[in-house]
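One structure is given below, encoded as structure tokens.
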2 protein chains.
Amino acid sequence: MNIGKAAEASGVSAKMIRYYESIGLLAKAARRENGYRDYDERDVHDLRFIKRARNLGFSVEATGDLLALWRDKSRASADVKSFAMRHVSDLEAKISELQAMTRTLRHLASHCHGDERPDCPILDDLATPGAGETDQDAQVNRAKVRKPRDAGTQIRSFRRPVTA
Amino acid sequence: MNIGKAAEASGVSAKMIRYYESIGLLAKAARRENGYRDYDERDVHDLRFIKRARNLGFSVEATGDLLALWRDKSRASADVKSFAMRHVSDLEAKISELQAMTRTLRHLASHCHGDERPDCPILDDLATPGAGETDQDAQVNRAKVRKPRDAGTQIRSFRRPVTA
DNA sequence: CTGCACCTTCCCACAGTGGTAAGGTCAAGG
DNA sequence: CCTTGACCTTACCACTGTGGGAAGGTGCAG
């Protein structure tokens with residue numbers, strides 16, 4: 001099976017398949033005479049596993065650990081469970097961090113007229129020393145979570161020098 | 001004021017101050033005879049503004065927009081409010097994405113014995129085509145949120161080739 | 001044979017942040 | 001006066017993932 005087919009079958013782009021192979025997450029693919037990578041069902045299976053783990057927010061690194069756990073038929077289910085639950089804690093830390101942000105922002109916004117007048121408590125707050133920190137919350141939450149694939153839908157609007 | 005003092009006073013590292021200047025988020029700093037950057041209270045104020053915006057999860061890009069809004073004394077508060085609320089939506093999209101992940105993981109983990117036996121529904125699920133997707137949720141949430149500063153607290157454990 | 005779809009490798013970009021190396025500057029203390 | 005140490009300067013490199021594209025080979029269909 002060509003890389004294109006494997007990509008289609010697994011939902012992992014050809015680009016990413018090569019990348020995963022290059023960092024050692026994936027075993028080196030078999031090659032055909034012509035140099036093309038050749039995949040079989042087991043490879044596609046691994047790719048789907050990876051895809052799924054990534055969708056659950058596991059980093060590529062953690063995904064490697066999961067794959068290793070999966071291959072190690074003698075691991076204790078407790079190991080897997082604790083691994084997963086550690087990830088859940090990371091996720092939840094991230095969630096409460098984001099929630100603190102939305103709380104603060106909604107609070108500020110609720111005091112903003114939202115009309116033609118220029119005065120706005122949101123900016124005033126940002127511009128005021130010692131105001132709305134969100135940091136007591138944020139300070140605690142230093143997990144590494146970063147959900148994969150986010151780059152497509154961007155907002156793009158800044159990019160000219162602010163002053164010059 | 002030296003960059004070090006400005007960093008201390010604003011909570012933005014010297015490194016980041018230079019970076020923000022280099023990408024045009026911050027005006028080019030005044031220089032003294034010796035080439036050292038020189039900051040005054042207004043600069044520190046801007047830095048604190050940036051710091052605060054970043055803590056609220058605004059991207060550097062969005063922070064530039066906020067700074068521009070703040071400097072534009074004639075902007076309507078409605079503009080600021082809608083800008084902030086768009087960000088809140090992004091945050092909330094991210095939150096529900098992460099929540100979907102934790103839900104799925106907690107669900108899987110709840111079916112895992114977590115003992116010495118090797119069989120584990122978590123891995124089984126990852127390894128099974130068509131199982132626990134989280135993707136209907138995730139599909140919708142493609143905002144660009146990515147809270148700043150996360151790199152310090154890493155997990156580090158993977159890095160040897162999975163097969164070789 | 002031509003054209004098109006696929007494959008290969010390699011380098012670039014993105015967002016932020018930290019690290020570090022090689023050098024200049026400056027003030028304090030011997 | 002000279003050394004030491006704390007600061008500053010620039011310029012690179014790393015990380016995490018992902019996509020884009022160039023330059024070239026391959027393979028199949030018409």
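Below, read A as the first sequence line, B as the second, and so on, with proteins coming before strands; counting in each chain starts at 1. Small disclaimer: the values here were computed from a predicted structure and weren't measured.
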Quickly work out the [X] [atom1] to [N] [atom2] distance and round it to whole Å.
X       : N      : atom1 : atom2 : result
A:Glu61 : D:dA14 : CD    : P     : 17 Å
A:Arg18 : D:dG19 : CZ    : P     : 12 Å
B:Glu21 : D:dC8  : CD    : C1'   : 13 Å
A:Lys5  : C:dA5  : NZ    : P     : 13 Å
B:Phe58 : C:dG16 : CZ    : P     : 13 Å
A:Glu33 : D:dG25 : CD    : P     : 18 Å
A:Ile17 : D:dG19 : CD1   : P     : 11 Å
A:Tyr19 : C:dT9  : OH    : P     : 16 Å

Measuring only between side-chain heavy atoms, which start at C-beta, is B:Arg106 closer than 4.5 Å to A:Glu92?
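In contact.
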When you compare the side chain of A:Ile17 with that of A:Asp43, does any pair of heavy atoms fall below 4.5 Å?
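Contact flag for A:Asp43/A:Ile17 side chains = no.
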With sequence neighbours left out, what residues match A:His111 under ring pair (Phe, Tyr, Trp, His ring centres under 6.0 Å)?
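Per chain and number, A:His111 pairs via ring pair (Phe, Tyr, Trp, His ring centres under 6.0 Å) with A:His107.
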Pairs touching residues 1-38 of chain A that satisfy ring-ring contact (aromatic ring centres under 6.0 Å, His included), sequence neighbours left out
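Output for this query is empty, none listed.
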Shortest side-chain distance from [X], nucleotide among [options]:
X       : options                : result
A:Ile3  : C:dG16, D:dT10, C:dT8  : C:dT8
A:Asn2  : C:dT17, C:dT25, C:dC7  : C:dC7
A:Ser13 : D:dG19, C:dG24, D:dT10 : D:dG19
A:Arg31 : C:dG16, C:dT8, D:dT18  : C:dT8
B:Arg54 : C:dT17, D:dT18, C:dT8  : C:dT17
B:Tyr20 : D:dT18, C:dT17, C:dG16 : C:dT17
A:Tyr36 : C:dG16, C:dC6, C:dG24  : C:dC6

Can you pull out how bent the helix from C:dC1-D:dG30 to C:dG30-D:dC1 is, comparing the axes over its first five and last five pairs, to 10°?
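What I find for the helix from C:dC1-D:dG30 to C:dG30-D:dC1 is an axis angle of 30°.
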Please list each protein N or O that sits under 3.5 Å from an N or O in nucleotides 20-22 of chain C, with the distance.
unit_1	atom_1	unit_2	atom_2	d
C:dT20	O4	B:Lys15	NZ	2.4

Verify whether one side chain among B:Asp119 and A:Ser77 offers a donor that lies under 3.5 Å from an acceptor in the other.
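No pair is found: no donor N or O on one side chain lies under 3.5 Å from an acceptor on the other.
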Using the test side chain to side chain donor-acceptor pair (under 3.5 Å), find all partners of A:Arg37 that sit at least two apart in sequence or belong to another chain.
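Side chain to side chain donor-acceptor pair (under 3.5 Å) check on A:Arg37 returns A:Glu21.
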What pairs with A:Arg32 under side chain to side chain donor-acceptor pair (under 3.5 Å), at least two apart in sequence or on another chain?
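Partners of A:Arg32 by the side chain to side chain donor-acceptor pair (under 3.5 Å) criterion, ordered by chain and then number, come out as A:Asn2.
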May I ask you to check whether over 12 heavy atoms, not counting those of B:Arg31, lie within 6.0 Å of atom CZ?
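Correct, the count exceeds 12.
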Reference residue A:Trp70; test side chain to side chain contact (heavy atoms under 4.5 Å, CB included); the match among A:Leu66, A:Leu67, A:Asp72:
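Running side chain to side chain contact (heavy atoms under 4.5 Å, CB included) over A:Leu66, A:Leu67, A:Asp72 with A:Trp70 returns exactly one hit, A:Leu67.
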Looking at B:Asn34, I'd like to know whether one of its side-chain N or O atoms comes within less than 4.0 Å of OP1 or OP2 on C:dC26.
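Answer is yes, contact under 4.0 Å.
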Base, sugar-phosphate, or nothing: which does A:Arg37 touch, judged by heavy atoms less than 4.0 Å apart?
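If one applies the 4.0 Å heavy-atom cut-off, A:Arg37 turns out to touch the sugar-phosphate alone, with no base involved.
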So B:Arg32, base contact, sugar-phosphate only, or nothing? Heavy-atom distance under 4.0 Å.
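Nothing: the residue B:Arg32, judged by heavy atoms under 4.0 Å, touches no strand.
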Just by modelled atom types, is the B:Gly11 backbone N or O under 3.5 Å from a matching donor or acceptor in the B:Arg48 side chain?
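The answer is no, because no donor-acceptor pair under 3.5 Å joins these two groups.
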